[in-house]
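Below: one structure, written as structure tokens.
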4 protein chains.
Amino acid sequence: MPKVSLLYKENTRDKILDSAKRLFEHKGYHETSMDDIVEASGLSKGAIYGYFDSKEALFESLQEKDYSELLQAAEKLLADEGSAKSKLERIADIYFLSHDSPSREQCRMSLQFSAASLSMRPVHGKVENQYVRIHALLTAILKEGIRNGEFKKGIDTDSIALVLFSTFKGLSVLWATTDTEIDWKSIRNALVKLTLDGISTDRK
Amino acid sequence: MPKVSLLYKENTRDKILDSAKRLFEHKGYHETSMDDIVEASGLSKGAIYGYFDSKEALFESLQEKDYSELLQAAEKLLADEGSAKSKLERIADIYFLSHDSPSREQCRMSLQFSAASLSMRPVHGKVENQYVRIHALLTAILKEGIRNGEFKKGIDTDSIALVLFSTFKGLSVLWATTDTEIDWKSIRNALVKLTLDGISTDRK
Amino acid sequence: MPKVSLLYKENTRDKILDSAKRLFEHKGYHETSMDDIVEASGLSKGAIYGYFDSKEALFESLQEKDYSELLQAAEKLLADEGSAKSKLERIADIYFLSHDSPSREQCRMSLQFSAASLSMRPVHGKVENQYVRIHALLTAILKEGIRNGEFKKGIDTDSIALVLFSTFKGLSVLWATTDTEIDWKSIRNALVKLTLDGISTDRK
Amino acid sequence: MPKVSLLYKENTRDKILDSAKRLFEHKGYHETSMDDIVEASGLSKGAIYGYFDSKEALFESLQEKDYSELLQAAEKLLADEGSAKSKLERIADIYFLSHDSPSREQCRMSLQFSAASLSMRPVHGKVENQYVRIHALLTAILKEGIRNGEFKKGIDTDSIALVLFSTFKGLSVLWATTDTEIDWKSIRNALVKLTLDGISTDRK
DNA sequence: GATGAATGAGATTTCATTCAT
DNA sequence: TATGAATGAAATCTCATTCAT
């Protein structure tokens, strides 16, 4: 009985989060009203405020989810077997939560978090933290690559990590704000080629 | 017929735009109220609405300014003398409107435009248009480099242009949302090295 | 599903309508602010906007009510038993919603609708529609009177209907705009006498 | 020189009044802004406030003009030669300022005065005063008719005067608020016939 | 006098949040 | 616990009027 009610609670909470996410992605945080969420979720005002203290808290929960999933997936990489090169490739995939290609919705949500980080302290904190950890992760991979001879010794790991992260971020923003279709296969190839050509030790 | 000079009106308009810009950069578009702008500009509500039809129109004017300046500077590059390589370097500088380094404020403003493009049609239009034109410009530079032998023949100009633009964009977003200090010298070097190593014909 | 009864909501709606009506009658539509209505109704701003989308919508609802009641009462006449003559008399009574005499308030409200019909399309539509239907009704009564021999054959039913309607309307405007006391008994008698003398077949 | 400047002043004043009138007739008093009048008149804000103390004062001036013209024309009738019957006919013509038919614009303006009389004391005063004087005039004509044997002795002059005035007013409101075309010839005939049949001594 | 930029009180409307039922 | 009507602070915008130039 507690189990059922817990499950029910989780479902309700998720229903709220899903509805809100869909709306935020589509119309943006400020343009979405609590009434919109009420309507979309099929729940009542009171119910929603039973699960979340405020609209901001709801937004932060969405960010928390997004943030944890991304970081968990990414940080699992480090422990994995495989070359540094393959890790770099896989982290790109993860960042875009790709099936085949990142969803525009996901990128729009991420853009919202970035924009909101200007005025919401906790959002800012997670944005910052995410950057720091992904940067550390990329740096670690690069260093691993240097250690095992895949990558050149002299490279500026810090800067390259930052450039890589920026490129992911930038592609995400572009994808979110633009109608252009992106050929993700080509992009990934171009990006990987550029990067690896620049840092790899092997001369093909 | 004007009782005050056009210059006077232009100054007042700029005073409004400047005040609004400072506030938008600092607190964000939605968190800034017209009352804030009234207070910051030292003018009255009526005066501001005499120059701009709405808060949105004011925001769009800021974007228009930003957009024109950026594009003009960038497109002037193409006509300039100089190697394709040097043009690529300079376009990076321009994108960040750098003195020494891009201003965080500028990047925050740009992030606002991206975020707003979700819900404001004219903003979206300009964001899209800007992307299209910068992409075209980068592609042109890359092709020029291929023509004059600086860059390799087989490179995917479209994708590389997109990656470059994304990296600029991503750095801008990072800079806007993060407290980290960025060592722009190193970043530029890393970026230029990565890119040029990958596409240049000269083997040092 | 409603947490409060429909009756409760209906009552609240009526409370708002009543308060607004009283104010509009007294000060006029434009001179009445939503704050006035808030104060008079004892509700909050939000509550009022929960029931009506705008001040204009509230005004239109008042017209709708007025309009339906009037037309229903009038059109019921046609089905009733009685001579055409008695129907004409009764329709005059109805038009002024009389107990003994039409209320000045009612007439002021009606004047507001007329004045607003210049700038509010839906209000205009109802004003127009009301005229058309009352005119049709009057014409029908006149024709009925002709058919059953009460009224002369040659009369211009269209014009007489229009004149009658105009006289009702004009009396209403006069009553609304003037401090003069009107002796409705005398007026009705004069009007009925004038009209019936002019159109009746019986020579007394 | 004083003459020219006086004439000029009159012209400017009239230009303002004309522009305002046209706008009030078309959009209504409240929906017309001083800016609208500025634009329509081609003058400046300051200029208009040089001639009129306020928007209300401007409106009242228009009423004053309307009011004087109407009353003067009407009151001249009494002194004229002619039967009481013909005077009644002519006063109908005057009330609608007819060329062939009353102008819808004129009627709309008149409706504005009626509506405004609810909230503008001086406007109310003139509306009231106009009614009193026209009523007196009509009564006088009716009594003249009785004296000279045109009209029956027993008629209720007060009530008939009021009914006549109301009918004029009502037709004016109808014409102002309705899209219907009115056949003024028929209406006048119907009205005159109804009235005169009812009050005349001659049995045709 | 004429001009029109500036004023600012006040209007309408929104919407996150509360709380009686 | 769930509901959704009610709240009211705060936002955007208007516009008659003023007054420095």
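Just so you know, these numbers use all the heavy atoms, side chains as well, and skip hydrogens, waters and symmetry mates. Order of the sequence lines fixes the chain letters, A, B, ..., with proteins taken first and strands second; residue numbering starts at 1 for each chain.
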Polar pairs (N or O, both sides) under 3.5 Å between protein and nucleotides 13-17 of chain E?
unit_1 : atom_1 : unit_2 : atom_2 : d
E/dT13 : OP2    : C/Y49  : OH     : 2.7
E/dT13 : OP2    : C/K55  : N      : 3.1
E/dT13 : O4     : C/K45  : NZ     : 3.2
E/dA16 : OP1    : A/K55  : NZ     : 3.2
E/dA16 : OP2    : A/M34  : N      : 2.6
E/dT17 : OP2    : A/Y49  : OH     : 3.0
E/dT17 : OP2    : A/K55  : N      : 2.9
E/dT17 : O4     : A/K45  : NZ     : 2.7

- In sequence, state the C-alpha distance, the side-chain angles, and the governing distance for D/F113 and D/Y67, and then conclude on ring pair (Phe, Tyr, Trp, His ring centres under 6.0 Å). CA-CA 10 Å; D/F113 296 136; D/Y67 160 89; 9.7 Å; no
- Message: So if I take residues 116-126 of chain C and measure heavy-atom distances to DNA chain E, which residues fall below 4.0 Å?
- Response: none
- To the nearest angstrom, the CZ-P distance between C/F59 and E/dA11 comes to 18 Å
- Item | Greater than 12 external heavy atoms within 6.0 Å of D/E64's CD | yes
- Task: To the nearest Å, give me how far apart CG (B/N11) and C1' (E/dA5) are.
- Result: 14 Å
- Item | Counterpart residues, side-chain hydrogen bond (donor to acceptor under 3.5 Å, both in side chains), relative to C/H30 (two or more places apart) | D/E31
- Query: Taking the side chain as C-beta and beyond, is there a heavy-atom pair between D/I48 and D/M34 under 4.5 Å?
  - Reply: yes
- Residue pair A/L111 / B/S114: nearest heavy atoms and the distance that separates them: CD2-O, 3.7 Å
- Task: Give none if F/dT3 has no partner; otherwise give the nucleotide forming a Watson-Crick or G-U wobble pair with it, both distances under 3.5 Å.
- Result: E/dA20
- Task: Mind checking B/Y51 for me? I need base, sugar-phosphate or nothing, with any heavy atom below 4.0 Å counting as a touch.
- Result: sugar-phosphate
- Query: Rounded to the nearest Å, what distance is computed from the NZ atom of residue B/K9 to the P atom of nucleotide E/dT3?
  - Reply: 15 Å
- A/Q63 (side chain) donor-acceptor with A/V123 (main chain) under 3.5 angstrom: yes
- Message: Rounded to whole Å, please give me the gap between CD1 in D/I48 and P in F/dT18.
- Response: 14 Å
- Give a yes/no verdict on a cation-pi contact between A/K55 and A/Y49, requiring under 6.0 Å between NZ or CZ and the six-membered ring centre and an angle within 45° of the axis. no
- Message: Which heavy atom of D/A115 sits nearest to which heavy atom of C/A115, and what is that distance?
- Response: CB-CB, 3.5 Å
- Would you indicate which nucleotide in E/dT7, F/dA6, E/dA5 comes nearest to any side-chain atom of C/Y8? F/dA6
- Task: Would you mind reading off the distance between D/K27 atom NZ and F/dC15 atom C1', rounded to a whole angstrom?
- Result: 12 Å
- Message: Using the rule given for side chain to side chain contact (heavy atoms under 4.5 Å, CB included), can you reason through D/Q130 versus D/K126, listing the C-alpha separation, both sets of side-chain angles and the distance that settles it, and then say yes or no?
- Response: CA-CA 6 Å; D/Q130 188 180 68; D/K126 270 179 221 119; over 6 Å; no
